[in-house]
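First the structure, in the form of structure tokens, and then the observations on it.
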Amino acid sequence: MQYWLMKTEPNECSIDDFANQPSEVIRWDGVRNYQARNFIRNMHIGDEVFIYHSSCAHIGIAGIVRVTRSAYADPSQFDTESPYFDSKATKEKPRWDAVDLQFVRKFSQIISLDKLKALPELADNSLVKKGSRLSVVPFSKAERDAVLQLTSRQ
DNA sequence: GCCAACGTTGGC
DNA sequence: GCCAACGTTGGC
């Protein structure tokens, strides 16, 4: 079991999009950063993923989803209509990968970025490192557990 | 392979 | 909307 965090702008895709259709899977596509893509390729079915809301009123971790399908070629890279279209990607040599995710849990309150920054266990996590723009962040079990501790107190 | 220019991210 | 930090692009 591995643990991750994925960033999203909630007006694009939020924890509610998962919570409103808990039996459905949602394709997580559009990641266009090589380091983030490489993390996606390391995801396995069953891995837990924190959903992080960025660039919005309430920044922080909103809930948990899990991986239901491991990495496969992101179809949007071939779609000329998509904002994620990549003219350099071919079916033979795809550049970008997607995973499928399914709802697990929505936190009763967002765990704010301030609270995450205050967690000593997260001091080395790239989420809270200044200037980090990684949209897919690996979490150790200790880091994940420290976050969950906050939810039990809220 | 360098690096300036440019585009994007994301908190504030 | 601002802007710092970072990643990517492309000329040389």
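Excluded from the calculations below are hydrogen atoms, water molecules and symmetry mates; all remaining heavy atoms, backbone and side chain alike, are included. A, B, ... follow the sequence lines: proteins, then strands. Residue 1 opens every chain.
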Interatomic distance where [atom1] belongs to [X] and [atom2] belongs to [N] [whole Å]:
{"X": "A:Arg37", "N": "C:dG7", "atom1": "CZ", "atom2": "P", "answer": "15 Å"}
{"X": "A:Arg32", "N": "B:dT8", "atom1": "CZ", "atom2": "P", "answer": "13 Å"}
{"X": "A:Glu12", "N": "B:dT8", "atom1": "CD", "atom2": "C1'", "answer": "14 Å"}
{"X": "A:Asn33", "N": "B:dG7", "atom1": "CG", "atom2": "P", "answer": "18 Å"}
{"X": "A:Ile61", "N": "B:dG11", "atom1": "CD1", "atom2": "P", "answer": "12 Å"}
{"X": "A:Asn38", "N": "C:dG7", "atom1": "CG", "atom2": "C1'", "answer": "14 Å"}
{"X": "A:Asp114", "N": "B:dC12", "atom1": "CG", "atom2": "C1'", "answer": "11 Å"}
{"X": "A:Tyr52", "N": "B:dG10", "atom1": "OH", "atom2": "C1'", "answer": "8 Å"}

Requested in this report: Would you mind telling me which of A:Arg95, A:Arg27, A:Arg32 makes a side-chain hydrogen bond (donor to acceptor under 3.5 Å, both in side chains) with A:Asp74?
Outcome: A:Arg32
Query raised in the report: A:Lys7 side chain N/O closer than 4.0 Å to the phosphate oxygens (OP1, OP2) of B:dG10?
Result: yes
Query raised in the report: Is the shortest side-chain N/O distance from A:Tyr34 to OP1 or OP2 of C:dT9 below 4.0 Å?
Result: no
Report summary line: Of A:Lys88 and A:Gln35, the one whose nearest nucleotide on DNA chain C sits closer to the 5' end is A:Gln35
Using distance alone, with no hydrogens and no angle criterion, decide if [X] and [Y] have a side-chain donor and acceptor under 3.5 Å apart.
{"X": "A:Ser70", "Y": "A:Arg41", "value": "no"}
{"X": "A:Trp4", "Y": "A:Asp47", "value": "yes"}
{"X": "A:Glu9", "Y": "A:His53", "value": "no"}

**Report entry** Touch class at under 4.0 angstrom, heavy-atom based, for A:Lys117 against every strand present
**Finding:** sugar-phosphate
